[in-house]
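The next block holds one structure in the form of structure tokens; read it before the comments.
By convention in this document, chain letters (A, B, ...) are assigned in the order of the sequence lines, proteins followed by strands, and residues within each chain are numbered from 1.
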There are 2 protein chains.
Amino acid sequence: MAGIDEVARLAGVSTATVSRALSGNGHVSPGTRLKVEAAAAQLGYVVSSNASSLASGRMKNIGVVVPFLNRWFFSSVIEGAQQALLRHGYDLTLYNLSGDGAERHSVFEHFLLRQRVDAVIAISLELTEAEVARLHTLEKPLVGVGGPIPGVRTLTIDDVAVARLATEHLLALGHTRIAHIGGNAEYDVDFHLPTNRREGYEAALRDAGATRDPVLFQSADFTIQGGYHAAKQLLGSPRGRPTAIFAASDEMAIGSILAARDLGLSMPRDVSVIGIDDHDLADFFGLSTIAQFPRVQGEKAVEILMDELHPTVREPAPSNIPLPFELIVRSSTARPAAE
Amino acid sequence: MAGIDEVARLAGVSTATVSRALSGNGHVSPGTRLKVEAAAAQLGYVVSSNASSLASGRMKNIGVVVPFLNRWFFSSVIEGAQQALLRHGYDLTLYNLSGDGAERHSVFEHFLLRQRVDAVIAISLELTEAEVARLHTLEKPLVGVGGPIPGVRTLTIDDVAVARLATEHLLALGHTRIAHIGGNAEYDVDFHLPTNRREGYEAALRDAGATRDPVLFQSADFTIQGGYHAAKQLLGSPRGRPTAIFAASDEMAIGSILAARDLGLSMPRDVSVIGIDDHDLADFFGLSTIAQFPRVQGEKAVEILMDELHPTVREPAPSNIPLPFELIVRSSTARPAAE
DNA sequence: GTGAAAGCGCTAACAT
DNA sequence: ATGTTAGCGCTTTCAC
């Protein structure tokens, strides 16, 4: 590995100039810059990030903390963030908390503190006050994605509005008995999202004067399997079967579609189903849904951090940015069959 | 942020002793160690990884390169690797190559070279000679997972044997017209796995004297959607419809199950289906499969690298380790219906 | 616009 | 077993 002084010697300049030319910090004449770049290329020189970081205090690395990896939403956000970071020359260090609590503790008390990241993106994670405080003492910018963290800048769709929109779509089609599959309490510890979505659903029903019945709510764990079992309960009910199901995620909605099928109910004739996400599989299942755009959320999180890390004249981004969402109507929703 | 000298002062020892006590390198008396640990804890001291890396040459960080993130296999391997790394005090820096070629190039020519990682894990990635060479000049250990890389230590199941086992399961049940859904050529550029699996299938048929018919092969892209479309072609065939389908992945097998359902075929009476993976959803769909254990593969990859990075008296692990796999019979496979 | 030189915070010889 | 000290390879004042 060639070092900076070899490049300097080959280019006939000082190491300081090489540093300036390659990093873009400070002024270098165009001619010199070219010479330096040529020398660097010839030697295959790449800065040592450690030396650079130690001297400058910039890590060119950001930490991403997620509760799971194998869920469409999380991996999509990460993909978006990764791509944006690569463009900025940043690395992405991943902390997956899916293990036990000890793991989580060591990530916050140890890993994130060793000066390896310039900033942290927390995805759908309800951080404790202690955790937020720990991060704050480091003076590391922190941005949340998906589910608001109190006191922290967060990128999140308006879950209440999204749920309301989904429910209103069903109401507008003429449904009156609309069931909801939401998250369970356990889930809500980490993300408030289940509660928010349920609120939007309730509000839409209330405004429309539609049936509000505790029997029409089932909780599940955001998986296809969970959605399947919940929908079976809902649709198997001997009387007052709902004509439509609004699931808080596409995966649960897909489970509902499969459950309806197994019960011999046809969709959308006997039951309409709508989800949230626009999951990769939504189109395949003909699932109507409210699309959110997790890749874009990941990219946006990165842009916010870049703005903060490299202060320019631009004004800072606003604190709680509402994200775009969009109703996508496919074949899983229709008017209820005439009685 | 407290520095090492503050800890040294508080503990009443030299910085060298603090370094030794905290890192475990070199001998420190138990009493001193305790004092140092107490002082460090009191000050909330965490080493600066940059300073440490710069001085020692150890990064305590390993790079993981993947072609996709939102596939069960990849995210599972990463989860396994992440957990093992955390235990060893290592960070995991993720490089997702799902973008364009330029991205891939910059990862290999720039990101991996800036001395940020001690080693690299490449998941299901067919590296070019140039890429392997680049990594070799860095003298960074490299281990592949899932799909052999020539000249590189690789963790991989024996794809031929796995495919053979799946096929033999169907043969033993009495099936004679067994179709295969494998990968397409495009896919094979990155992983040889499709070819290997097809070979195992062919070999099993040949040995059993069963029907080998090009009509019984369809290629797909390893997704549920892809498997669905491929299975429709296979099962919709007006004559010579296969009685069983062996799909090269569980996701494609699940697609096949859905396709059979949509065609009004019952499973396993009209058609048996078997996959490879033991995907999270396999149990839900009653899918018989050959389980592989990606989390374990990720962990094992880490252990190999740790052995290499911290040489002990133990002999090095063998070069191409065959991994465990296991036939799991659920409800998707059965004897073909009597004619 | 460019160079000289002082660190960045730690580790690893080398002493003792 | 512990202390002293010379770097690790860069960035960044401060001069010019």
**OP:** Ignoring backbone atoms, test whether B/S52 places a side-chain nitrogen or oxygen under 4.0 Å from the OP1 or OP2 oxygen of C/dT11.
**Re:** yes
Subject >> Separation of atom CG in B/L113 from atom P in D/dG9, rounded to whole Å >> reply: 16 Å
**OP:** Starting from P on C/dC10, measure out to CG on B/L43 and report it in whole angstrom.
**Re:** 12 Å
Subject >> d(CG, A/L22; P, D/dT12) in whole Å >> reply: 13 Å
Subject >> Candidate list B/V7, B/L22, B/V18, test side chain to side chain contact (heavy atoms under 4.5 Å, CB included), partner B/E37, passing option >> reply: B/L22
Original post:
Looking only at N and O atoms, is any donor in the side chain of A/R20 or the base of C/dG3 less than 3.5 Å from an acceptor on the other one?
Top reply: yes
Original post:
Where the side chain of A/A16 is defined as all heavy atoms beyond and including C-beta, which of C/dT11, C/dA5, C/dG1 is the nearest nucleotide?
Top reply: C/dA5
Original post:
Please give, in whole Å, the distance from D/dC8 P to A/L54 CG?
Top reply: 13 Å
Original post:
Counting only side-chain N and O atoms of B/S14, is one of them less than 4.0 Å from OP1 or OP2 of D/dG3?
Top reply: yes
Original post:
How long is the line joining CG of B/L34 and C1' of D/dA1, in whole Å?
Top reply: 16 Å
**OP:** Using heavy atoms to find the nearest nucleotide of DNA chain D for B/P30 and B/A55 separately, return the residue whose nucleotide is more 5′.
**Re:** B/P30
Original post:
Taking OP1 and OP2 of D/dT2, is either one under 4.0 Å from a side-chain nitrogen or oxygen of B/T32?
Top reply: yes
Original post:
Just checking A/R58: base, sugar-phosphate only, or nothing, at a heavy-atom cut-off of under 4.0 Å?
Top reply: sugar-phosphate
**OP:** With A/L94 as reference, evaluate B/T93, B/I78, B/L69 under the side chain to side chain contact (heavy atoms under 4.5 Å, CB included) test and give the passing residue.
**Re:** B/I78
**OP:** Measure from the side chain of A/T15, starting at C-beta and using heavy atoms only, and say which of D/dC10, D/dT11, C/dT11 lies closest.
**Re:** D/dT11
**OP:** Take atom NE2 of A/H88 as the centre, draw a 6.0 Å sphere, and report whether it contains more than 12 heavy atoms from other residues, nucleotides or ligands.
**Re:** yes
Original post:
Would you say A/T17 reaches C/dG3's phosphate, i.e. side-chain N/O to OP1/OP2 under 4.0 Å?
Top reply: yes
Subject >> C/dA12 phosphate, OP1 or OP2, under 4.0 Å from B/S19 side-chain N/O >> reply: no
Subject >> Pair A/N50, A/S48: side-chain N/O donor-acceptor within cut-off below 3.5 Å >> reply: no
**OP:** Round to a whole Å and report the spacing from CG of A/N25 to P of D/dT13.
**Re:** 10 Å
Original post:
Given D/dT2, D/dT12, D/dC10, which nucleotide is nearest the side-chain atoms of A/Y45?
Top reply: D/dC10
**OP:** Identify which nucleotide among C/dA12, D/dT11, C/dG1 has an atom closest to any side-chain atom of A/S29, counting heavy atoms from C-beta outward.
**Re:** C/dG1
Subject >> Separation of atom NZ in B/K60 from atom P in C/dG9, rounded to whole Å >> reply: 21 Å
Subject >> Distance-only polar pair, side chains of B/S49 and B/S52, donor-acceptor under 3.5 Å >> reply: no
Original post:
To the nearest Å, how far apart are B/D5 CG and C/dT11 P?
Top reply: 12 Å
